[in-house]
Amino acid sequence: MMTDLPAFKKLLLHICCGPCAMWPLERLLEEGVDVTLLFYNPNIQPGVEWERRHENAVKVADHYRLPLIARGCSLAEEWLRRADEGANRCRYCYQMRLTCVAQEAEEGGFDAISTTLLVSPYQDRQMILEAGERAVQSKAVSFIPYDWRDGYRKGQGMARDLGLYRQKYCGCLVSLEESRFADAIKEEHKRLALRDSLRSGPFNP
Ligand code: SF4
């Protein structure tokens with residue numbers, strides 16, 4: 001365990017997606033941490049993508065036999081309104097999620113929070129750390145600034161071995177449009193939306 005981290009008893013870990021959770025959970029469970037997962041990611045858009053990443057989070061929770069709390073749903077409006085804000089949109093995105101995690105932790109009797117976003121070399125670590133610290137201000141909860149980036153590739157390999165879906169964009173519709181795979185992703189979303197509508201149709205209750 002990293003020695004300069006605050007001591008705590010129960011960790012509520014924000015899980016941004018299944019693949020990013022693999023390496024952090026390997027490490028946390030090896031260290032004997034009491035961990036509960038919280039999936040709260042309204043930034044994952046559109047709804048079919050949210051469902052898909054949520055299903056992945058459930059698979060990871062089952063794999064490690066951990067409790068998983070899911071909150072919220074896909075909400076595009078606020079991200080679209082901030083489409084031209086660049087890094088400030090991401091600041092908002094980290095902050096609103098971690099503020100919810102801190103609130104949930106306080107209400108649920110946890111004394112620490114962290115996030116699997118801290119495994120990714122593609123996320124803005126400094127911004128996440130600042131959002132985490134702000135989220136726990138005036139709460140009896142600590143934000144644990146783990147650094148799992150050295151295991152990012154290994155975690156992605158573990159996710160592949162477990163058969164997890166590995167997404168090709170960060171989450172919001174703006175990041176989807178910026179992805180070089182945007183056309184293929186949108187086609188896949190259409191296919192998933194059609195599949196879901198057929199499943200819930202009148203002839204297939
Ligand atoms: S790019 Fe990622 S971190 Fe930034 S606003 Fe979109 S979903 Fe959030």
Side-chain angles (χ1 to χ4, degrees), residues 12-24 37-58 60 68-105 113-136 143-149 151-153 155-156 159 164-190 192-193:
L12 185 61
L13 180 67
H14 169 249
I15 173 171
C16 60
C17 66
C20 282
M22 297 301 291
W23 182 248
L37 304 172
L38 173 60
F39 186 85
Y40 175 63
N41 300 293
N43 59 308
I44 299 174
Q45 303 147 14
V48 284
E49 181 74 18
W50 187 96
E51 293 289 346
R52 207 174 189 196
R53 295 195 202 181
H54 173 246
E55 275 170 25
N56 251 1
V58 172
V60 169
L68 169 71
I69 303 165
R71 294 282 184 254
C73 57
S74 175
L75 292 175
E77 194 177 316
E78 199 57 39
W79 281 261
L80 290 173
R81 209 168 61 75
R82 295 168 187 269
D84 297 327
E85 290 185 12
N88 275 336
R89 187 184 68 255
C90 298
R91 185 173 286 110
Y92 162 80
C93 183
Y94 296 139
Q95 190 67 63
M96 64 91 66
R97 286 185 281 168
L98 290 176
T99 298
C100 168
V101 179
Q103 187 69 33
E104 186 91 27
I113 64 166
S114 194
T115 172
T116 57
L117 288 163
L118 292 171
V119 78
S120 173
Y122 303 108
Q123 299 289 336
D124 189 323
R125 178 175 176 82
Q126 191 52 39
M127 216 183 259
I128 296 166
L129 296 183
E130 288 165 10
E133 279 307 323
R134 264 196 301 271
V136 297
F143 175 73
I144 314 295
Y146 287 108
D147 189 353
W148 290 302
R149 290 173 296 180
Y152 177 73
R153 296 274 161 225
Q156 292 291 316
L164 295 183
Y165 156 63
R166 287 176 301 144
Q167 65 271 5
K168 292 190 172 63
Y169 70 106
C170 187
C172 64
L173 292 176
V174 184
S175 63
L176 193 166
E177 289 299 338
E178 288 169 355
S179 168
R180 64 193 168 102
F181 303 104
D183 289 343
I185 295 167
K186 286 185 210 169
E187 280 307 310
E188 177 69 355
H189 286 164
K190 274 190 215 158
L192 291 170

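In each ligand, atom 1 is the first atom listed, and ligand 1 is the first ligand listed.
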- Quiz item: cation-pi between R82 and Y92, 6.0 Å / 45°: yes

- Counting only protein N/O/S atoms, those under 2.8 Å from atom 8 (Fe) of ligand 1 total 1

- Could you list the residues that satisfy salt bridge (Lys or Arg N to Asp or Glu O under 4.0 Å) with R53, not counting sequence neighbours? E49

- Item | Test: E188 and K168 ion pair at under 4.0 Å | no

- What pair of heavy atoms forms the shortest contact from L118 to R149, and how long is it? O-CG, 3.6 Å

- Assess whether atom CZ of R153 is packed by more than 12 heavy atoms of other residues, nucleotides or ligands within 6.0 Å. no

- Query: Are Y146 and W23 close enough that their ring centres sit under 6.0 Å apart?
  - Reply: no

